[in-house]
K.L.:
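Below you will find the structure I want to go over with you.
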Amino acid sequence: IPIEKFGGNTDSLDNFLAFEEAFDYFQTAGGGTLQLGKGSYEIASNSLGGAGLIVPSNVRIRGSGKHFSQIKVTGATQCYLFLNETCETNQLFEDLTLVGNNTAESVGPGGAYYCSVLNGTATNDVENIVFRNVRFENFKGDYWVRFYATSDTYSIKNSGFDWGCE
């Protein structure tokens with residue numbers, strides 16, 4: 001489904017609500033593909049609130065090519081772009097560029113994607129989080145993509161980078 005169906009466009013200074021509405025839709029539908037056209041879809045860092053957008057399970061975010069579609073964080077608030085602290089699985093990011101706002105302190109928020117499976121809060125394994133043909137630019141955190149697991153019971157499986165990432 002094109003992001004434009006949810007109000008997203010490349011002329012907007014903040015597409016946060018469009019992405020949030022799309023992810024709410026996919027959460028209810030059990031998954032789907034969010035298609036990005038050519039251009040830059042900006043998201044204001046203060047809208048992300050330091051945390052990041054939560055992508056539900058079984059969702060693909062597909063651009064029109066890593067040199068043609070980008071999701072760009074603007075503003076000066078330290079934040080992650082995407083966050084997975086609820087053990088979401090089967091996420092695919094492909095054919096796009098993710099652009100940060102170059103603000104981060106030590107290991108604090110400042111990356112493109114943060115996934116944690118923590119002791120006491122994890123409810124299942126996290127599986128199949130894949131970045132395919134994705135370009136990362138202007139992130140300042142120690143971890144541009146971070147998978148972090150401390151659970152004694154659950155883990156992160158079959159996740160990471162596929163072909164064409166830079």
Side-chain angles (χ1 to χ4, degrees), residues 1-66 68-75 77 79-100 109 111-134 136 144-149 151 153-162:
I1 299 174
I3 187 72
E4 288 77 12
K5 178 178 180 189
F6 303 100
N9 65 72
T10 57
D11 294 328
S12 175
L13 297 177
D14 192 0
N15 284 285
F16 175 81
L17 291 177
F19 279 92
E20 191 172 64
E21 185 177 325
F23 296 151
D24 287 346
Y25 172 85
F26 291 130
Q27 177 74 38
T28 301
T33 300
L34 182 62
Q35 182 66 46
L36 304 178
K38 292 181 180 179
S40 180
Y41 296 87
E42 295 184 359
I43 298 176
S45 60
N46 60 342
S47 294
L48 294 167
L53 284 161
I54 297 173
V55 182
S57 292
N58 306 313
V59 168
R60 290 180 166 189
I61 301 175
R62 179 180 291 150
S64 297
K66 70 180 171 188
F68 301 107
S69 298
Q70 70 175 359
I71 301 172
K72 180 179 182 179
V73 178
T74 61
T77 302
C79 61
Y80 291 108
L81 179 52
F82 297 108
L83 182 68
N84 184 353
E85 289 186 315
T86 53
C87 298
E88 303 296 336
T89 63
N90 302 317
Q91 297 172 341
L92 176 63
F93 301 82
E94 67 180 337
D95 297 325
L96 54 91
T97 294
L98 302 176
V99 182
Y113 185 93
Y114 179 72
C115 175
S116 64
V117 178
L118 303 178
N119 227 0
T121 61
T123 56
N124 58 271
D125 290 326
V126 171
E127 298 183 78
N128 305 318
I129 310 296
V130 177
F131 294 87
R132 179 180 296 147
N133 202 32
V134 174
F136 299 89
W144 288 17
V145 174
R146 185 175 188 197
F147 296 102
Y148 182 67
S151 174
T153 309
Y154 302 108
S155 63
I156 299 169
K157 302 176 181 178
N158 303 320
S159 298
F161 299 97
D162 204 345

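Remember, predicted model here, so these are calculated numbers, not experimental data.
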K.L.:
Using the test ring pair (Phe, Tyr, Trp, His ring centres under 6.0 Å), find all partners of F93 that sit at least two apart in sequence or belong to another chain.
P.N.:
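Once residues adjacent in sequence are excluded, the partners of F93 under the ring pair (Phe, Tyr, Trp, His ring centres under 6.0 Å) criterion are F82, Y113, F131.
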
K.L.:
I'd like to know if the side chain of N15 reaches the main chain of I43, judged simply by a donor and an acceptor atom lying under 3.5 Å from each other, with no hydrogens or angles considered.
P.N.:
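No: the side chain of N15 does not pair with the backbone of I43.
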
K.L.:
Could you check if a side-chain atom of L48 sits within less than 4.5 angstrom of a side-chain atom of F16, using non-hydrogen atoms only?
P.N.:
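Yes, side chains in contact.
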
K.L.:
What pairs with N58 under side-chain contact (heavy atoms from CB on, under 4.5 Å), at least two apart in sequence or on another chain?
P.N.:
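N90.
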
K.L.:
Before you tell me yes or no, could you show the steps for L13 and T74 under side-chain contact (heavy atoms from CB on, under 4.5 Å), namely the whole-Å CA-CA distance, both residues' side-chain angles and the distance that decides it to 0.1 Å?
P.N.:
CA-CA 8 Å; L13 297 177; T74 61; over 6 Å; no

K.L.:
For E21, enumerate each residue passing the side-chain contact (heavy atoms from CB on, under 4.5 Å) test, keeping only those at least two apart in sequence or located in another chain.
P.N.:
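For E21 the side-chain contact (heavy atoms from CB on, under 4.5 Å) partners, ignoring immediate neighbours, are F6.
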
K.L.:
Exactly one of I54, L81, V55, I71 should register a side-chain contact (heavy atoms from CB on, under 4.5 Å) with F19. Which one does?
P.N.:
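It is I71, the one option of I54, L81, V55, I71 that forms the side-chain contact (heavy atoms from CB on, under 4.5 Å) with F19.
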
K.L.:
Can you tell me how far apart CZ (R132) and CG (L96) are? Round to the nearest 0.5 Å.
P.N.:
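These two atoms lie 12.0 Å from each other.
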
K.L.:
Not counting sequence neighbours, which residues clear side-chain hydrogen bond (donor to acceptor under 3.5 Å, both in side chains) with E4? List them please.
P.N.:
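Testing E4 for side-chain hydrogen bond (donor to acceptor under 3.5 Å, both in side chains), a comparison that skips the adjacent residues, returns Y41.
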
K.L.:
Output side-chain donor-acceptor pairs under 3.5 Å for residues 25-40, partner residues at least two apart or in another chain, one line each.
P.N.:
unit_1: T28; atom_1: OG1; unit_2: D24; atom_2: O; d: 3.2
unit_1: Q35; atom_1: NE2; unit_2: R62; atom_2: O; d: 3.2
unit_1: Q35; atom_1: NE2; unit_2: G63; atom_2: O; d: 3.4
unit_1: S40; atom_1: OG; unit_2: Q70; atom_2: NE2; d: 3.0

K.L.:
Only counting residues at least two apart or in another chain, list the ones meeting salt bridge (Lys or Arg N to Asp or Glu O under 4.0 Å) with D14.
P.N.:
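Salt bridge (Lys or Arg N to Asp or Glu O under 4.0 Å) list for D14, sorted by chain: empty.
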
K.L.:
Find the distance between CD (E127) and OG (S57) and round it off to the nearest 0.5 Å.
P.N.:
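Result: 10.5 Å between the selected atoms.
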
K.L.:
Does any N or O in the side chain of T97 come within less than 3.5 Å of the main-chain N or O of K66, such that one atom is a donor and the other an acceptor?
P.N.:
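The answer is yes, because a donor-acceptor pair under 3.5 Å joins these two groups.
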
K.L.:
Could you tell me the separation between the CG atom of N46 and the OG1 atom of T77, rounded to the nearest 0.5 Å?
P.N.:
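The distance works out to 5.0 Å.
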
K.L.:
Quick one: pull up OG in S69 and CD1 in I61 and give me the separation to the nearest 0.5 Å.
P.N.:
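Spacing of OG (S69) from CD1 (I61) equals 12.0 Å.
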
